[in-house]
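Data block below; observations after.
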Amino acid sequence: MELWGGLLDEHKESTLKNGVSPDCYISSYLRSREEHGHAEATGSGITEDGWMRDKFLTYVAASVLEAGSDTTSSAALAFVLFMLSSPNALKRAREEIDTVVGDHRLPDFDDQVNLPYVVACVKETLRKHPPVPMGVPHRSEQDDIYKGFFIPKGSTVIGNVWAIHMDPVRYPNPTVFDPDRFYNKGCSTSWSSGPDAHDRDHYVFGWGRRFCQGALIAEASLFMICARIIWAFNFSTPKDPDGGCSLLPDADDEDGTWSDGFVRVPKTFPVVWNARSDSKAAMIRKISDDLQLEWQSMGLEPDST
Ligand code: HEM
């Protein structure tokens, strides 16, 4: 509450008192709430006429940010690690992007249907190393019997996503990074997302009523991040200056390569990035400059580099 509640207070100040604010969910909610007579609605819960009070509003906004940032970024970092560890997959993904997108524009959302191998690489990343490997614990609201097991009311139930993804019947050779398990030549790769557990080919977003609400945003973000990285950069791991061995971490070394914790991410490792051509470098710089301007127009500090 100290962190996120502080941000809400800043927004209240800028939106309601100073009338300047970025066009975002919190600002527009605060403005609407004020128009309905609640410039101030401190405390938790909702007002009698249904407006979220400050604490509730803080939780809603913060849970989206908390749930969506580490998870998506850890998947993007895992993608870089798996691509470096699987040069053949990287080569095929790059060939697909070069054929479909070419050199003169960046990959965009519309390209997704024509980039089935790239999508398969992202999905295989999520399968092989789910960002939240033990899912989010659930609690049974009543006594239940599942496949002969009695689950008393109040039990903590953990769906082990990791174990499901390592099921050799569902995923032959489960420890191998193999995007082909999701790839059908000539067909676009579906994300197969949705809460229906019988219509899924991976379980990284959970299942049932508490299924990840951000799954579609996560998939769209990951597609854009991963496709654009491959389009834009040659990337590689440098060699150890002393021994000459590659500094690429072993993606299968769970303790050495991956962080501990609820969301698991590759520990920092060195990667050298080079734009694939001068024209791509110019495009990347322009996008970066435009973003800095957009950032500043929202009243935020530009990056220092
Ligand atoms: C690769 C990225 C992501 C992964 C792996 C992921 C994974 C998960 C998992 C495993 C759950 C628990 C599901 C369950 O209890 O069965 C969850 C819940 C949730 N996720 Fe995500 N998530 C990702 C991205 C996002 C994004 C981008 C957002 C929002 C913009 C988001 C918002 C949420 C919210 C609000 C919940 C709680 C849903 C509830 O309890 O009803 N997630 N996510």
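First listed ligand is number 1; within each ligand, the first listed atom is number 1. The structure presented is a predicted model; accordingly, all values stated were derived computationally and were not measured.
- Remark: ligand 1 atoms within the under-4.0 Å shell around heavy atoms of V64 are 29 (C), 30 (C).
- Partners of E40 under the side chain to side chain donor-acceptor pair (under 3.5 Å) rule, at least two apart in sequence or in another chain, are K12.
- Listed by chain and number, the protein N, O or S atoms at a distance under 2.8 Å from atom 21 (Fe) of ligand 1 are C212 SG.
- Residues passing the side chain to side chain donor-acceptor pair (under 3.5 Å) test with S140: none are found, sequence neighbours excluded.
- Other residues, nucleotides and ligands contribute at most 12 non-hydrogen atoms within 6.0 Å of the CZ atom of R209.
- Every atom of ligand 1 with a heavy atom of W207 under 4.0 Å away is listed here by number and element: 16 (O).
- Residues passing the side chain to side chain contact (heavy atoms under 4.5 Å, CB included) test with D252, sequence neighbours excluded: K128, D250.
- Geometrically, ligand 1 and T72 share no nitrogen or oxygen pair separated by less than 3.5 Å.
- D289 has no carboxylate O lying under 4.0 Å from a charged side-chain N of R285, or vice versa, which leaves the two without a salt bridge.
- For atom 32 (C) of ligand 1, a protein non-hydrogen atom is found at a distance below 4.0 Å.
- Against a heavy-atom cut-off of under 4.0 Å, H138 is close to the following atoms of ligand 1: 14 (C), 15 (O), 16 (O).
- One finds no salt bridge joining D111 and R228 here, because no Lys/Arg side-chain nitrogen approaches an Asp/Glu carboxylate oxygen to under 4.0 Å.
- Using a 4.0 angstrom heavy-atom cutoff, P131 counts as in contact with ligand 1.
- Counting non-hydrogen atoms of neighbouring residues, nucleotides and ligands closer than 6.0 angstrom, the CG atom of D167 exceeds 12 such neighbours.
- Near V136, the atoms of ligand 1 lying under 4.0 angstrom from a non-hydrogen atom of the residue are 11 (C), 12 (C), 15 (O).
- At least one N or O atom of R210 sits closer than 3.5 Å to an N or O atom of ligand 1.
- Side-chain atoms of R92 and Y183 form no donor-acceptor pair, as typed in the model, at a separation below 3.5 Å.
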